[in-house]
Protein chains: 2
Amino acid sequence: MIADFNAYSYLLQHDIKPSVQRLAIVNYLYEHRTHPTADEIYEGLLDEIPTLSKTTVYNTLNLFQQQAAVLALTIDDKNVRFDIDTSDHAHFKCLNCGKVFDVPAVLNSVTSVTLEQGFLVTEKHLYLKGYCSSCNNLSK
Amino acid sequence: MIADFNAYSYLLQHDIKPSVQRLAIVNYLYEHRTHPTADEIYEGLLDEIPTLSKTTVYNTLNLFQQQAAVLALTIDDKNVRFDIDTSDHAHFKCLNCGKVFDVPAVLNSVTSVTLEQGFLVTEKHLYLKGYCSSCNNLSK
DNA sequence: TTCACTGCAAATCATTTGCAAGGCC
DNA sequence: GGCCTTGCAAATGATTTGCAGTGAA
């Protein structure tokens, strides 16, 4: 499942000094593509690292963001969600079950939006909301 | 500047019973297209309505959202911002000055994203981040 | 030894909730 | 009178901050 992913070199590639906690968080994000919250990551790692503190999870995720090793999603207005997949895609949040799905959108094509002169775009987020197939079928 | 906008009928059109507070908030949003936070709206109306409570601002904005009279933006990870313009457009947030700009994007064209069978999309948000012309020129 | 990393406890801040008082039909 | 709206105070919950202890180079 972890396949050829090397958490250690992933951190080095992003100029992040590896540690037990940092490696665990990267691996958690690599294995759980559910766009977890800081709290979900913390809870998910407690068995593995019982001494882990939530502060460390927040510190680490903030560091990862700075180094562009993860993407912070604000599709949820309650808490920030994290995605280790920084490739070109959009997100869909089901308003019923709350799950956040990856959507294979081509965000680059969105670049066609007309920006004023001198605006420099460094980040693009396309958030879709509605009802996923499971929740949508229930109401039929 | 207020032109032909009628806050009273705007509320009625959205099945919202008018009140002094609700009218003031709608007018504030109509006149301040800066995507204000709940707190900014509260502060901005204190002179006009000194007895206004922040709870009422939150209650009202939540009601407006339910009735689709305003759009809630989560482009900012700190607090939710509100937009009375529900027409087709995107948003750009400057990472330096923090301002949120309207972008004349055609979100409908974004519909071309491939969604799985049975996914029902009810809301689309395109958030761009980077540096606005003022902040971008400073660094040159 | 030094300096960065960790983790506990406390602080902060946006938002919600409980509830009592006031106002409108 | 009854119900909806308002607003205060307190609660909640995510995230940050202060700071002391630990550990690795």
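Sequence lines set the chain letters: A, B, ... in the order given, protein chains first and strands last, and positions in each chain run from 1.
Using the six-membered ring where Trp is involved, A/H91 and A/H89 have ring planes that are perpendicular, over 60° apart on the 30 and 60° scheme. Between A/Y10 and A/F5, the angle of the ring planes lies from 30° to 60°, which puts this pair in the tilted group.
Put simply, the side chain of A/I25 reaches to within 4.5 Å of the side chain of A/L45, judged on heavy atoms. No side-chain heavy atom of A/I16 sits less than 4.5 Å from a side-chain heavy atom of A/T60. In this structure, the side chains of A/L11 and A/V26 come closer than 4.5 Å at one or more pairs of heavy atoms. By the 4.5 Å heavy-atom criterion applied to side chains, A/Q21 and A/L52 are counted as neighbours.
A side-chain donor-acceptor contact under 3.5 Å links A/D85 and A/S87.
In this structure, the nucleotide among C/dC8, C/dT15, C/dT6 sitting nearest to the side chain of A/Q21 is C/dT6.
Residues A/L95 and A/L73 are members of separate hydrophobic clusters, defined by side-chain heavy-atom contacts under 4.5 angstrom among Ile, Leu, Val, Met, Phe, Trp and Tyr.
What separates NZ of B/K54 from P of C/dC13 is a distance of 11 Å, to the nearest Å. Atom P of nucleotide C/dA14 and atom CG of B/L61 are separated by 14 Å, given to the nearest angstrom. Atom OH of A/Y42 and atom P of C/dT6 are 15 Å apart (whole Å). Across the protein-nucleic acid pair, A/I49 atom CD1 and C/dC8 atom P stand 13 Å apart, rounded to whole Å. Put simply, CG on B/D39 is 16 Å from P on C/dT12, counting in whole angstrom units.
Each of A/T37 and B/N59 was assigned the nucleotide of DNA chain D with the nearest heavy atom; the assignment lying further toward the 5' end belongs to B/N59.
Here B/R33 does not pair with B/D102 in a salt bridge; the nearest charged N to carboxylate O distance is not below 4.0 Å.
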Any protein N or O atoms within reach of nucleotides 1-4 of chain C? Criterion: under 3.5 Å, listing atom names and distances.
none

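For a distance-only test at 3.5 Å, the side chain of A/S19 fails to qualify as a donor-acceptor partner of the base of C/dC5.
Counting only distance, with no hydrogens or angles, the side chain of A/H14 and the backbone of A/Q67 share a donor-acceptor pair below 3.5 Å.
Centroid-to-centroid, the aromatic rings of A/F119 and B/F92 come within less than 6.0 Å.
Residues from residues 62-79 of chain B that place a heavy atom under 4.0 Å from any atom of DNA chain C, listed by number: B/N62, B/K78, B/N79.
Chain B approaches DNA chain D over the interval D/dC4 to D/dT16, counting the first and last nucleotide 5' to 3' with an atom under 4.0 Å from its heavy atoms.
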